[in-house]
Amino acid sequence: MFETAQTKDWILFFDEAEGLLSKRTNVGTANDRYANQEVGFLLQGLEDYPKLIIVATNFKNNLDSAFMRRFQSVISFPVPDSAERQLLW
């Protein structure tokens with residue numbers, strides 16, 4: 001995906017990113033090792049991608065800290081209170 005996107009004028013958007021960019025685990029099984037390798041691959045892809053990447057999550061604390069260090073900006077949208085929800089409607 002990263003290789004194809006680099007040849008296009010694409011913005012990459014990862015919705016519900018905690019599923020893809022989750023914290024690495026201690027290696028206890030082959031599945032853990034594979035999952036950690038995937039995280040490493042994604043870290044390198046995000047770091048090397050020269051264009052815009054947008055990541056959305058409701059669970060920021062579930063993202064691996066290595067991903068958080070690579071983000072230039074983190075924007076939080078708090079849940080609106082009842083008065084704000086009324087204005088939005």
Side-chain angles (χ1 to χ4, degrees):
M1 172 192 64
F2 287 109
E3 289 175 13
T4 301
Q6 285 187 11
T7 64
K8 309 290 183 186
D9 196 19
W10 289 357
I11 294 172
L12 297 182
F13 176 66
F14 296 94
D15 193 14
E16 299 190 20
E18 68 279 355
L20 193 59
L21 311 178
S22 61
K23 294 179 180 178
R24 288 171 277 191
T25 61
N26 292 327
V27 176
T29 67
N31 288 341
D32 295 337
R33 187 170 34 257
Y34 181 74
N36 287 346
Q37 286 175 340
E38 285 183 336
V39 169
F41 177 78
L42 285 168
L43 281 168
Q44 191 63 48
L46 290 173
E47 195 166 292
D48 292 343
Y49 190 68
K51 300 173 185 170
L52 182 63
I53 298 174
I54 299 172
V55 174
T57 182
N58 292 328
F59 301 101
K60 178 182 158 192
N61 292 337
N62 290 353
L63 296 179
D64 192 295
S65 61
F67 288 108
M68 295 301 296
R69 287 192 302 269
R70 286 164 171 80
F71 298 149
Q72 291 180 358
S73 300
V74 176
I75 302 169
S76 178
F77 295 96
V79 176
D81 62 25
S82 60
E84 291 169 327
R85 286 193 303 273
Q86 184 68 33
L87 286 171
L88 288 169
W89 280 103

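Numbers for residues simply follow the sequence, beginning at 1.
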Donor-acceptor pair, R70 side chain versus E47 backbone, under 3.5 Å?
-> no
More than 12 non-hydrogen atoms from neighbouring residues, nucleotides or ligands closer than 6.0 Å to CZ on F13, yes or no?
-> yes
For the hydrophobic clusters of this structure (ILVMFWY residues joined by side-chain heavy atoms under 4.5 Å, transitively), does one cluster hold both L46 and M1?
-> yes
Verify same cluster id: I11, F71 (apolar side-chain graph, 4.5 Å) | no
Is there side-chain contact between W10 and Y49, with heavy atoms separated by less than 4.5 Å?
-> yes
Closest non-hydrogen atom pair, A17 against T57 | N-CB, 4.3 Å
Check whether any side-chain N or O of Q44 sits under 3.5 Å from a backbone N or O of F41 as a donor-acceptor pair, and report yes or no.
-> no
What distance separates L52 CG from Q72 CD, expressed to the nearest 0.5 Å?
-> 9.0 Å
Could you state whether I54 and L63 fall into the same hydrophobic cluster, counting links through intermediate Ile, Leu, Val, Met, Phe, Trp or Tyr residues with side-chain heavy atoms under 4.5 angstrom apart?
-> no
Do F2 and L12 have side-chain heavy atoms sitting under 4.5 Å apart?
-> yes
Donor-acceptor pair, side chain of K60 and main chain of M68, under 3.5 angstrom | no
Going only through I, L, V, M, F, W and Y residues with side-chain contacts under 4.5 Å, is there a path from V55 to V74?
-> yes
